Visitor: 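Just dropping this structure here.
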Amino acid sequence: SDRAAIMNALIGLVDIRTADWMVVLVYFGLMWCIAFYFARRNTSTEDYFVGGRAFPGWVVGMSMLATSVSSVTFLAFPAAAYAGDFRDLVINLMLPIGILIAVLVYIPMFRRGKLTSAYEYLGDRFSPIIRLYGMFSFTIAGLCWLGIILCLVSNVIIILTGWPVVPVIIFTGAFIALYTIVGGIGAVIWTDVVQCFVLLLGGMLSVLYLAWQFPGGLGEIIEIGHTHGKFSLGPTAFQLSERTVWTVIILGCFSAVAYHSDQNLVQRYVAAKSMREARKATILYGAFAVPTWAFFFFLGSCLFAYFQVHDDPQVAQLSHEQVFPYFILTRLPPGVAGVVVAGVLSAAMSSVDSTLNAIAA
C-alpha cells in the first residue's frame with residue numbers, strides 16, 4: 001500500500017508532455033512497420049525462425065547486443081550503482097571468456113547440420129529425453145526472465161500513463177508478442193538493430209543532461225562518485241561465503257559460458273549467412289557489450305551525484321529502480337524525455353521479442 005501511495009503521488013507530479021507522447025508513438029509505429037514488412041517475406045519455417053540463414057554479421061551482432069541490453073541493464077544497472085557500487089559489473093567483465101568459447105566451439109558445433117535450436121543438438125547427441133529437458137528448462141527460465149523485464153519497464157509506463165501495473169504488463173507484453181509473431185526472426189533482428197541505437201541514444205542523452213547540470217561537468221560527477229565509493233568493484237578478500245570480487249568473478253565465468261549456448265544466441269549463430277559472419281557478429285557484440293553495461297552503471301553514479309547536489313525529498317521515498325524513471329519524467333526537457341522513454345522501452349522489447357521467438361523456435 002505504501003508503494004502504491006508513492007506511485008500515485010509520482011503520477012500526480014509528472015506532467016506528460018505532447019512531445020514525449022509523439023516520440024513514443026512514432027517509435028511504436030516504426031516497430032510495426034518493420035514487423036509487417038518481414039511478415040510478407042516469410043514464406044517458410046526456415047524464413048520465419050532463422051531468416052533463410054542470410055543475415056550479415058554486423059546486423060546479427062547488433063541484435064545480440066540489443067538482446068543483452070534489457071530493461072535490467074537500462075533500469076536495474078543504474079539502480080545498482082545508485083544504491084551501491086560497480087560490483088555487479090564484474091559478472092559482465094567475464095564476457096570475453098564466453099565469446100572465446102562461442103567463436104571456437106559453439107558456432108561450429110551449432111552451425112553443423114543446419115540446426116534451428118540448441119535443443120536439436122542435444123537430441124542428436126544424447127537422446128530425446130535430454131532434448132526435452134533442455135527445452136523445458138529454457139522455456140521456464142525464459143518466462144521468468146520475461147516477468148522480470150516487464151516488471152521493471154512497467155515502472156516507467158505506469159508513471160507515463162497512470163495505469164495499474166497489471167494492465168501495463170499485459171499491454172506491453174501483448175504489443176511485443178504481436179509484432180514478434182507477425183514478423184518472425186527477421187522482424188526481431190531488425191527491430192533489435194533499431195532498438196539498439198535508440199536505447200544507446202537514450203542513455204547518452206541522460207548522461208549529457210546530467211553532466212550539463214554540474215559546473216565541473218563529468219569531472220565533478222566522478223569526484224562525487226569517487227568520494228562516496230561509487231566506482232568500487234567490491235571487497236577483494238577471497239572468501240567464498242561473502243560477495244567479494246572473486247566470488248562474483250567465479251559466477252561471471254559460469255554465466256558467460258552458459259549464456260553463449262542459450263537459444264537466444266544460438267538462433268543468431270545459425271541465422272548468419274556464414275560461419276565467418278557468425279563469428280564476426282559474436283566478436284562485434286562482445287566488443288560493445290561490456291562498455292555498454294559499464295556505461296549504464298556510470299549513469300547510476302551520475303544520478304547519485306545529481307541528487308546529492310539537487311536534493312529532492314521525493315526521491316528518498318522511491319525504490320532504487322524508480323529513481324531513474326522519476327528523473328526521466330520530471331527533469332528531462334520535452335522530447336528528450338520521450339527519446340529516453342523510447343530507449344527504456346527498446347531495452348525491454350529487444351530482450352522480450354528475442355526470448356519469445358527463441359521459445360517458439
Side-chain angles (χ1 to χ4, degrees), residues 64-99 141 144-153 155-156 199-200 202-203 206-207 210 221-222 224-260 262 264-265 285-308 315 318-327 343-344 347-348 350-351 355:
M64 288 179 173
L65 178 61
T67 299
S68 71
V69 181
S70 65
S71 53
V72 171
T73 304
F74 213 109
L75 297 174
F77 283 7
Y82 179 88
D85 50 32
F86 275 35
R87 72 182 64 187
D88 287 339
L89 177 63
V90 176
I91 296 176
N92 300 305
L93 296 180
M94 301 301 105
L95 180 72
I97 296 172
I99 296 290
C144 293
W145 178 239
L146 294 181
I148 294 170
I149 294 169
L150 290 173
C151 183
L152 279 171
V153 78
N155 282 333
V156 178
L199 66 90
L200 290 175
S206 299
V207 169
L210 284 162
I221 290 173
I222 292 171
I224 294 172
H226 181 72
T227 301
H228 290 84
K230 289 297 170 181
F231 304 119
S232 169
L233 296 178
T236 57
F238 188 82
Q239 294 185 13
L240 295 180
S241 60
E242 301 292 335
R243 195 161 174 270
T244 66
V245 169
W246 297 106
T247 53
V248 176
I249 284 175
I250 294 169
L251 173 62
C253 290
F254 281 101
S255 298
V257 173
Y259 178 64
H260 288 85
D262 184 282
N264 274 317
L265 293 190
Y285 145 68
F288 284 96
V290 172
T292 300
W293 293 327
F295 172 79
F296 281 99
F297 273 93
F298 180 69
L299 173 56
S301 299
C302 292
L303 278 172
F304 175 84
Y306 177 83
F307 285 114
Q308 285 289 305
V315 172
L318 302 176
S319 69
H320 299 137
E321 290 79 10
Q322 292 173 334
V323 173
F324 188 30
Y326 174 76
F327 168 80
V344 176
S350 60
S351 294
T355 304

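Values in this document were obtained by computation on a predicted structure and should not be read as measured data.
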Visitor: Could you check whether any side-chain heavy atom of F231 comes within less than 4.5 Å of a side-chain heavy atom of I222, counting everything from C-beta outward?
Guide: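 Of all side-chain heavy-atom pairs linking I222 with F231, at least one is under 4.5 Å.
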
Visitor: Taking C-beta and beyond as the side chain, do L299 and S206 meet within less than 4.5 Å on heavy atoms?
Guide: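 Touching, per the 4.5 Å side-chain cut-off.
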
Visitor: Do T247 and E242 touch side chain to side chain, with heavy atoms closer than 4.5 Å?
Guide: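 Side chain of T247 against side chain of E242, heavy atoms only: no contact under 4.5 Å found.
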
Visitor: Mind checking what makes ring pair (Phe, Tyr, Trp, His ring centres under 6.0 Å) contact with H228, not counting sequence neighbours?
Guide: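 H228 satisfies ring pair (Phe, Tyr, Trp, His ring centres under 6.0 Å) with F304 once adjacent residues are dropped.
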
Visitor: If you count the non-hydrogen atoms of other residues, nucleotides and ligands that lie under 6.0 Å from CZ in F295, is the total more than 12?
Guide: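 Result for CZ/F295: enclosed.
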
Visitor: Walk me through it: do I250 and L240 pass the test side chain to side chain contact (heavy atoms under 4.5 Å, CB included)?
Guide: CA-CA 10 Å; I250 294 169; L240 295 180; 4.0 Å; yes

Visitor: What is the minimum heavy-atom distance between A66 and S351, and which atoms define it?
Guide: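 Closest pair (atom of A66, atom of S351, distance): O-OG, 4.1 Å.
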
Visitor: Rounded to the nearest 0.5 Å, what's the gap from OG on S350 to CG on L65? Could you check?
Guide: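 Answer for the OG-CG pair, S350 versus L65, is 8.5 Å.
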
Visitor: Can you tell me how far apart CH2 (W246) and CG (L251) are? Round to the nearest 0.5 Å.
Guide: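 Nearest 0.5 Å value for the CH2-CG distance: 15.0 Å.
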
Visitor: Distance check, rounded to the nearest 0.5 Å: I221 atom CD1 versus L210 atom CG?
Guide: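 Nearest 0.5 Å value for the CD1-CG distance: 6.0 Å.
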
Visitor: Kindly give the heavy-atom pair with the smallest separation between V245 and L233, and that separation in Å.
Guide: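 Between these two residues, the closest heavy atoms are CG2-O, 3.1 Å.
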
Visitor: Mind checking whether Y285 and I99 have side chains closer than 4.5 Å, heavy atoms only?
Guide: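 Side-chain contact under 4.5 Å: yes.
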
Visitor: Show me, pair by pair, the donor-acceptor contacts under 3.5 angstrom made by side chains of residues 81-93, not counting sequence neighbours?
Guide:
from, atom 1, to, atom 2, distance (Å)
D85, OD1, R87, N, 3.1
D85, OD1, R87, NE, 3.1
D85, OD2, R87, NE, 3.4
D85, OD2, R87, NH2, 3.1
D88, OD1, R243, NH2, 2.0

Visitor: Starting at CD1 of I249, measure out to CD1 of I97 and round the result to the nearest 0.5 Å.
Guide: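 Separation between the atoms: 9.0 Å.
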
Visitor: The test is side chain to side chain contact (heavy atoms under 4.5 Å, CB included); show your working for L95 and H260 and say whether it passes.
Guide: CA-CA 9 Å; L95 180 72; H260 288 85; 3.2 Å; yes

Visitor: Counting heavy atoms not belonging to Y259, are there more than 12 under 6.0 Å from its OH?
Guide: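 Counting other residues, nucleotides and ligands, OH of Y259 exceeds 12 neighbours.
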
